[in-house]
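Okay, so here's the structure we're looking at.
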Amino acid sequence: MTRFTLCTASALALIAAHPILAQDTSTSSSTDSAPSAAAPADTAPNAGSSDVTTSATDTGSAGQAQPDAAPQDTSDETSQGDETSQPEGAAEDTDQATNAGLGTAPQAQPEVGENWPFYGGDSNATRYSPLNQITPENVGQLERAFVYRTGDMPSAEAAGKYAGETTPIEMNGALYMCSAKNVLISISATTGEENWRFDPGVPDEAIPYSASCRGVTAYTDPTAAEGTPCATRIIEGTLDAKLVAVDASTGAACEGFGENGTVDLWQDIGERVPGWYAVTAPPVVVRGILVTGAQVKDGQAEDAPSGVIRGYDVKTGELAWAWDLAAPDQNIDGPPEGEVYTRGTPNMWTAAVADEELGYVYLPLGNSSVDYYGSNRSDAENEFATSLVALDVTTGKPVWHFQTVRHDVWDYDLGSQPTLIDWKGTPAILLPSKQGDLYILDRATGEALTPVGEVSDLPQGDVEPDFISPTQPVSSWHTLRKEPLQELDSWGFTPIDQLWCRIQFRRANYDGYMTPPSADKPWIQYPGYNGGSDWGSVAVDTETGVIVANYNDVPNYNQLIPREKADEMGLVPIDEQAKRSGGAEGAGDAQAGSPYAINVNAGWRSELTGMPCTRPPYGGIRAIDLETGETIWDKPLGTARNNGPFGIPSMLPFDIGTPNNGGSVVTAGGLIFIGAATDNLFRAIDIKTGETVWSDVLPAGGQANPIAYSVDGRDYVMIAATGHHFMETPIGDYMIAYALPEASK
Amino acid sequence: MTSTQSVSARTPVERHWAILVLGWVLVIFGAVLLAGGIWLIVLGGSWYYGLAGLGLIVTGALLNRASMAAVWLYLVIWLATVVWAYWEVGTDWWAQVPRLVAPTLVLVLILICIPGLTGRSRRQTY
């Protein structure tokens, strides 16, 4: 580390002298496995302030977008060699996609308003509702319309592993949802009375990190006569990795879909290890193709289930194509007999967004297995990990991709569902990242429409200095990320625990943003893997042009554990565990097959008190002008009422800004509705001022995205209070709808 | 607290048990702060904790001797703490919680001890 201690001034001078030196400007060089080759050899990284020394911004080809159908790319064999990471031109492969006739014509999409027909509200995933009955003036009268309980609560075995994270959809007076363990349920959107339920029978052992089912997907067959079974179907992905389709009006399994309404996603993945491969996000439908990825439980082993993305005929459940990023041609119709999809590749655990018009699906990919070590990753993994990938559903091939982290060793998975927007006349996609960066890209090309900067001269550490990228992209348009930590940001309850946190700060490796992993000492990762923006995503008021982003602002305190010591500690991957461990992700994960296990202290909390080692706020919510990228207001999100030292609720009503999980819904009435924080409040915020104008205490944690809908002229907002084990909020099974009193509407 | 009013200037009073307890608590806390503070200084961090720890040990020792000097010394420590805390984080009141709450509580406890300390009447003779 000593060679990284030169002064900031010389680093700045270097950056100024070489504003684009470290940037890849051609497709071929971007696939180099040693990005340091493109950087100044004698760089003098500056500590601490490296993330604010962005170079001159650029909006053109020097950004991160890589066309995947580059005309000069003539390589046909992609299964091996250093060309692996360059998929072929899409045009020549159209006939390779199976099921001719599928995925060819755009279909009209249902609109948001009275209904909430998609996980993200509308097909653009804006989380914006044009409903305006509830306003800042009358929201104080809001009352519960009904409380429905799913009945899905953890068994003794599943205790400590529940985090429902459920967002229903609403269509024509009915709500459709999945419970934490994938029971499909339809209830009346006005009374909460149950219409039907379908239990796919997910066993407890299938629960990965959490029992979560973020949502379901509805599909209406435009060619089917109304009343035909499964003319409108509700589809979910389950924890035991199945796609399940049922009829929207009866809940009966769609017999024409897969085997009796079920498609087994374990097919061609490899040995079935319950909990390692699970679907927690709703699949998306693009031009009749049902697209899904899966969560691959982090931190287990290099030899992990594939991150393959698969498209199925939404009517029959037949495989339309598979995109295995390390073997895109060979495995497009599934792997050859006796083989499996490429193991350990980056997966997509969060929700994608569909572009019916272009026939693309935008895939926010996570990191490669394992998260905190990368020297043994393939070129293809390095090319696509932690990227947004535009995949053409008519071919099953990528069109472009935009990488947000080069050689990710921080678990900075893309966790948010991106949002389709119109950006000054260009069809665009808004991509939030866990580092808090907001990017706006051209949907057709992936080119950045807002400035993308670059931090350079980043420290490369001692563990794998040749792998760690000395440069990283950042958004120069807007970021939710705060300034690097200093010792004086240490917190506590008394000077004594604050002192302990200061000692920990000084003992750790920390050179600001993107400090690489270390084994000799702990290192501080800030922001931690919880974001920035996570699966709650952002909401966009498309009428007034305002982005509403809630975010986490907490570091992680991590350390790599050499294999020998990890063996002594008994850290083994999921397929070798006799009893499944719970707890936070990364808190003692084996990372089998790599030289190091990993220990993550998520949120960097003091061992003495359980309190965070850094000062509040730990989370906030921000309104951003979509036109300029400027902050309109920024407030801490969450009160201290449910937090305190030694886990004792302080009952303090002050806005401290807590960690949060789950997003918001914005209505044309001028309100933001959001739970998410750890104070178990569901609140309405005036979008103009950021002031909380109404709140209700939920019976469990509100770590879920709320929705808005309207039936018979009465507007409702609804949130699931299902709690979150990692957020340490009470677990529940409540679905709670709110409306103005009947008389006052 | 004692309500003794007739404290002689030169003769040691009987030390109230509560003052002794507070004195020892401050010595122990001060020792923890001093040890951790030295560690922090060695690591290149703030000198506040080491110095404050030293100050607390002396304050505690003076309290154990029922000396009024404990009050004056601690007032200096407390004022320096306020100045330091403001210099570090300004008016970020959440950030001030660990810096000011406990030291101010100690200040209040020490002030309550005043009636049981010697040295007051000596000052009164000025």
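Computed from a prediction, not measured in an experiment: that's the story for all the values here. Just so we're on the same page: letters track the sequence lines, and every chain starts at 1.
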Closest-packed option against chain A by number of heavy-atom pairs under 4.5 Å, given B:Ala102, B:Gly37, B:Pro103, B:Ala95: B:Ala95
Side chain to side chain, A:Arg506 and B:Val42, heavy atoms closer than 4.5 Å: no
Heavy-atom pairs under 4.5 Å with chain A, option from B:Val89, B:Leu100, B:Thr81, B:Leu105 with the top count: B:Val89
Nearest heavy atoms of B:Val32 and A:Ile496, plus distance in Å: CG1-CG2, 4.1 Å
Taking side chain as C-beta onward, heavy atoms only, is A:Leu488 less than 4.5 Å from B:Arg99? yes
Point-to-point distance, once rounded to the nearest 0.5 Å, from CZ of A:Arg615 to CD of B:Gln96: 9.0 Å
Which portion of A:Ser490 sits near chain B, non-hydrogen atoms under 4.5 angstrom: backbone
So do the side chains of B:Tyr49 and A:Pro495 get within less than 4.5 Å of each other, counting heavy atoms only? yes
Side chain / backbone / both / neither for B:Trp84 at chain A, heavy atoms under 4.5 Å: side chain
Residue pair B:Ser46 / A:Arg502, side-chain heavy-atom distance below 4.5 Å: yes
For residues B:Trp93 and A:Phe654, determine if any side-chain heavy atom of one lies less than 4.5 Å from a side-chain heavy atom of the other. no
Parallel, tilted or perpendicular: rings of A:Trp491 and B:Trp94 (30°, 60°): perpendicular
Which heavy atom in B:Leu40 sits nearest to a heavy atom in A:Leu499, and how many Å separate them? CD2-CD1, 3.7 Å
Could you check which of A:Gln486, A:Arg507, A:Gln498 has the highest count of heavy-atom pairs closer than 4.5 Å to chain B? A:Gln498
Between CD on residue A:Glu487 and CG on residue B:Leu43, distance to nearest 0.5 Å: 9.0 Å
